[in-house]
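Just so you know, these numbers use all the heavy atoms, side chains as well, and skip hydrogens, waters and symmetry mates.
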Amino acid sequence: MRLNGIQRLLETGLIISTAAAIFILCALVSYDPIDPSWSQTGEFIKVKNITGTAGAWVADILLLSLGWLAFLVPAVIQTFGYLLFKKPHKILQLDYTTLGLRVIGMTLFIASASAISSINFDDIFQFPSGGFVGDVIADAMLPAFNFTGTSILLLCFFFAGLTLLTGVSWVEFVDYIGERVVAFFRWLSRKVVDRMKHNVPSSFDKEHVFDDKMESTASELQGLDIDVGELAESPRPQLIQQNEVSEELSDSLTRDAKEPAAVPKPQKLKDKLFGAKQTAAVTEQPDMTYVQSAQKVPAEPSVFDELDNILEQEINFSAIDDEGFDTAAALNALDESAAPTFTADDKPRETTVVSPARPIKQQVSSEEKAPITNSSTYTPPPTAKEQFEALLEERPPMAPLPSLELLDRPDKKENPISQEELDAVSRLVEVKLLDFNIQAAVVGVYPGPVVTRFELDLAPGIKVAKITGLAKDLARSLSAVSVRVVEVIPGKTYVGLELPNKHREIVRLSEVIGAPKFTENASPLTMVLGKDIAGEAVVADLGKMPHLLVAGTTGSGKSVGVNVMILSLLYKSPPEDVRMIMIDPKMLELSVYEGIPHLLCEVVTDMKEASNALRWCVGEMERRYKLMSALGVRNLKGYNQKVKDAKEAGHPILDPLFKDTDGMATEAEELDKLPSIVVVIDEFADMMMIVGKKVEELIARIAQKARAAGIHLVLATQRPSVDVITGLIKANIPTRMAFQVSSKIDSRTILDQQGAENLLGMGDMLYLPPGTSVPIRVHGAFVDDHEVHAVVSDWKARGKPNYIEEILCGEATEDILLPGEAAENTDDESDPLYDEAVGFVIETGKVSVSSVQRKLRVGYNRAARLVEQMETSGVVSSPGHNGAREVLVPKGGVN
């Protein structure tokens, strides 16, 4: 609650202005004409004004000068004091042009208002209603313009002065009033029309209306070749419940339901499943490369009739496979139903069967279709189950990577920004900057999906820091949520001003992941982030980062950004190239990836197992460095290339680290390709809180050395504070990604510079690439939950994960222990210093953790474990009420 010097002066000025306004208002309200004052003398010694003689004099002068307008003086004083208190920088940065216009406006306002009061209102006591000022102006104008002309001119001066003083636009005010009036009359007319619709005459014959509706319905049904009588006698159809139906099947069914007039007869199940999808595949995706050579399949009418009957009996579709067929439910129902029969009159027909993913056709002859009857053998026709199995077995081979059809298509651009709107906003930006005495010209406009960047050419002598300090004022004057000033644009001499668009677009993952920058990149660790200001795809290589730090407040799009990175890796690399370890303290964000073949272990949700996973990463890093050192290569790429060349030459390289310690293996194994390992930690602040500071040391150790070994970290947190994002972590992770934060301090914690507090949220981020200090504004791609589930299901169908149990259950070995740390779950008597510690305690006859620590020069934790083991062995006693222990073994009692 302490104030500095400037703040003390400002608050004192506010108190003085408030007191002056109250004093003058009380003096004016309690003015009495018999009080002695500047224009009045009297014999009364007692002054009736509640503010005394001074108040009587002040009120007398103001009323004599301004008349009724004197009552506005307290309001003006209070307003000026409040503005001086709240916006002192406005006074320090005066624009003399604006100040001159305000002074002229105030003069016109006071003069015109006083004159209007003088010619229209009654006098105040012995003072004129407009005061001395109003009387002088009115007496000068009335002889020349009479009352009407004087009133028109004074009103003109009044409104012009008010506009110059306050900047109020009377044109916009009139437009606003007119808009409200028009809206009111529209609302009133709708109410009247609704009231007239509800007031239906009582003589209206409802029976005739019902008959007319029945006749029209009957005529429509006759046009569809449906018997009205059968329809009336048929039972009411029941709804078919579906648990999981593909999007294309639902679109086709909806299309059939919405357009009944275009179909001459009701469609059967085969038409809805196959014919509609064929049409959709041809019309909506003309450039699909999945269509193969057309073959033909005999359509068995009785089979599909049986399927129609089954659907009418409310068979629930539950297990939809990737081709769109409900194999489980349909096959069970077909087995229970009767086998189809054929007659001699049946002729083979051709039906095109189009699956949602790839159309397949087959040709079956009439000999295979019709039953063959011989004297010795009889071959029954194939059952429906066998036909479905034959269709499923003849699917084309699965692609090595998932298809983009699993992702949502990009949204159509609605309300694109026109060139006229961009020009208008450019002129507005120049005008608003000129209001703050900054001369700048807009030389370039780059509209993006979320924001538009305006490049400004500043006049000579204007500093960029001046515009940066006016960011909030510009946002207010431009009616924007926030304005971000880009002080340096690489390769240009201009300053960037980023304004949010009126209509925000959603950047879909499918449109970014299909960009050439991603598909043509050869690195298996390529990730997509989103789109930049100009709408171009932003692609990053995790192998060059080599680690990434992601931070942002809750709801800023951090978790969606992490999912986008993971999905882009799944779309880029098979498990042979990239393996992952996912640590999810929240148990919600990354648990959906459980079961994909890329995982080295199950998704870690227990933070005690998380430290074991990081320890395994340290051990794997050391093992890889030993292998690369033995082979004479410098990184993982060189190692894999050398192993590949040796295999192609027919001389595979044996494991140089092989040791016949257990006697089980007789010779070393051949070296194989090593995949890159990506460790994703969704909320490492919670992990550090539970496990402790040793996690920070493990992360720092991996970040320092693991680049050449092919191990990369992706750390995400929603608490960008210095106790979480420590200097040790920031020094080893140069690549950062900041989503929206709440303050400049959090932005500096992440990026070492401000700017993230002006982001718009919902995926809007600042990406700081490695080796540079200029962040790039990226609008992150959006991926929905059903898209993540679709990609995960596709990878689960391709293979099962090969988990390594040692990652979560392995014990700490000497190679991966931190300095001063002992292995866990080991016997303390095996400590090489245990005997020396016992000898020291027995010799001195005193025991304490600090003395053992000083004598053996070990850490406190290790010394405490040694003392506790002595207590277990009976060498020392348990601690007393004051914490002291006694030595139970005399000198020479233990050998």
Notebook entry, point to check: Taking all atoms of both residues into account, what is the closest heavy-atom pair of Ala685 and Val724, and its distance?
Noted result: CB-CG1, 3.6 Å
Notebook entry, point to check: Heavy-atom count around Lys586 NZ within 6.0 Å, excluding the residue itself: above 12?
Noted result: yes
Notebook entry, point to check: Is a side-chain N or O of Arg736 found less than 3.5 angstrom from the main chain of Lys730, in a donor-acceptor match?
Noted result: yes
Check: Is a side-chain donor or acceptor of Ser510 paired with a backbone partner of Asp408 at a separation under 3.5 angstrom?
Finding: yes
Checklist line | Any donor-acceptor pair under 3.5 Å from Gln704 side chain to Arg701 backbone | finding: no
Checklist line | Asp686/Arg719 under salt bridge (Lys or Arg N to Asp or Glu O under 4.0 Å): CA gap, chis, key distance, verdict | finding: CA-CA 9 Å; Asp686 183 73; Arg719 197 179 71 187; over 6 Å; no
Checklist line | Ala738 to Ile750 - nearest heavy-atom pair and separation | finding: CB-CG2, 3.8 Å
Check: Are the side chain of Asn635 and the backbone of Ala708 linked by a donor-acceptor contact shorter than 3.5 Å?
Finding: no
Item checked: Non-hydrogen atoms of Pro770 and Lys544 that approach each other most closely -> CG-O, 3.8 Å
Item checked: Enclosure of Tyr860 OH (heavy-atom neighbours >12, cutoff 6.0 Å) -> no
Note to self: Closer than 3.5 angstrom, by distance alone: can the side chain of Thr735 be matched with the main-chain N or O of Met545 as a donor-acceptor pair?
What the structure shows: yes
Notebook entry, point to check: Between His547 and His712, what is the ring plane arrangement, given parallel below 30°, perpendicular above 60°, and tilted in between?
Noted result: tilted
Next item on the list: Evaluate the side-chain proximity of Ile566 to Leu590: yes if any heavy-atom separation is below 4.5 Å, no if none is.
Entry: yes
Next item on the list: Report the C-alpha distance between Ile581 and Val680 in whole Å, list the side-chain angles of each, state the deciding distance to 0.1 Å, and finish with yes or no for side chain to side chain contact (heavy atoms under 4.5 Å, CB included).
Entry: CA-CA 6 Å; Ile581 296 177; Val680 183; over 6 Å; no
Next item on the list: Any salt bridge (Lys or Arg N to Asp or Glu O under 4.0 Å) involving residues 704-717? Give me the pairs, sequence neighbours left out, ordered by first then second residue.
Entry: Glu622-Lys705
Margin query: Can you confirm whether Pro656 sits close enough to Leu627 that some side-chain heavy atom of one is under 4.5 Å from a side-chain heavy atom of the other?
Written below: yes
Item checked: Residue pair Tyr571 / Val528, side-chain heavy-atom distance below 4.5 Å -> no
Check: Can you tell me if Asn640 uses its side chain to pair, donor with acceptor, with the backbone of Leu674 under 3.5 Å?
Finding: yes
Item checked: Nearest non-hydrogen partners of Leu856 and Ala837, listed with the distance -> CD1-CB, 3.6 Å
Margin query: Ignoring hydrogens and geometry beyond distance, is a side-chain donor-acceptor pair present between His779 and Asp532 at under 3.5 Å?
Written below: no
Item checked: Ion pair check, Glu511 and Arg508, cut-off under 4.0 Å -> no
Notebook entry, point to check: After noting the C-alpha distance and the side-chain angles of Phe782 and Leu509, does the key distance pass the side chain to side chain contact (heavy atoms under 4.5 Å, CB included) rule?
Noted result: CA-CA 6 Å; Phe782 175 74; Leu509 177 61; over 6 Å; no
Next item on the list: Could you please spell out the steps behind the side chain to side chain contact (heavy atoms under 4.5 Å, CB included) verdict for His789 and Val592?
Entry: CA-CA 7 Å; His789 286 284; Val592 65; 3.3 Å; yes
Item checked: Leu713 side, atom CG; Ile711 side, atom CD1 - distance, nearest 0.5 Å -> 8.5 Å
Next item on the list: Answer yes or no: are there more than 12 heavy-atom neighbours, outside Glu669 itself, under 6.0 Å from its atom CD?
Entry: no
Check: Say you draw a straight line from NE2 of His651 to CG of Asp645; how long is it, rounded to the nearest 0.5 Å?
Finding: 12.5 Å
Notebook entry, point to check: Backbone N or O of Pro769 within a donor-acceptor pair of the Thr772 side chain at under 3.5 Å?
Noted result: no
Checklist line | Sole residue of Glu787, Glu589, Lys558 in side chain to side chain contact (heavy atoms under 4.5 Å, CB included) with Asn563 | finding: Glu589
Margin query: Quick check: closest heavy atoms across Ile804 and Cys601, and the distance to 0.1 Å?
Written below: O-CB, 4.4 Å
Next item on the list: Let me see the working for Arg623 and Met628 under side chain to side chain contact (heavy atoms under 4.5 Å, CB included), right down to the final yes or no.
Entry: CA-CA 9 Å; Arg623 187 184 74 86; Met628 291 187 290; over 6 Å; no
Next item on the list: Please name the pair of heavy atoms, one in Trp795 and one in Ser573, separated by the smallest distance, quoted to 0.1 Å.
Entry: CZ2-O, 4.1 Å
Item checked: Lys531 vs Val538 side-chain heavy atoms within contact, under 4.5 Å -> no
Margin query: Counting C-beta onward and ignoring hydrogens, is there a side-chain heavy-atom pair between Val788 and Val792 closer than 4.5 Å?
Written below: yes
Next item on the list: Measure the CG-CD1 distance between Asp606 and Ile583 for me, rounded to the nearest 0.5 Å.
Entry: 11.0 Å
Item checked: From Asp541 atom CG to Lys572 atom NZ, the distance as rounded to the nearest 0.5 Å -> 10.0 Å
Check: Can you tell if the side chain of Pro675 reaches within under 4.5 Å of the side chain of Val578, non-hydrogen atoms only?
Finding: no
Note to self: To the nearest 0.5 Å, what is the distance between CD1 on Ile807 and SG on Cys617?
What the structure shows: 7.0 Å
Item checked: Minimum side-chain heavy-atom gap Val643-Leu631 below 4.5 Å -> yes
Check: Donor-acceptor pair, Trp616 side chain versus Glu806 backbone, under 3.5 Å?
Finding: no
Check: About how many Å separate CG of Asn732 and CD1 of Ile702, when rounded to the nearest 0.5 Å?
Finding: 11.0 Å
Next item on the list: Using a 4.5 Å cut-off on heavy atoms from C-beta on, say whether the side chain of Leu766 contacts that of Phe739.
Entry: no
Next item on the list: Using atom types as modelled and distance alone, determine if a side-chain donor or acceptor of Lys644 lies under 3.5 Å from a backbone N or O of Lys673.
Entry: no
Check: Are the side chain of Glu594 and the backbone N or O of Val603 linked by a donor-acceptor pair below 3.5 Å?
Finding: yes
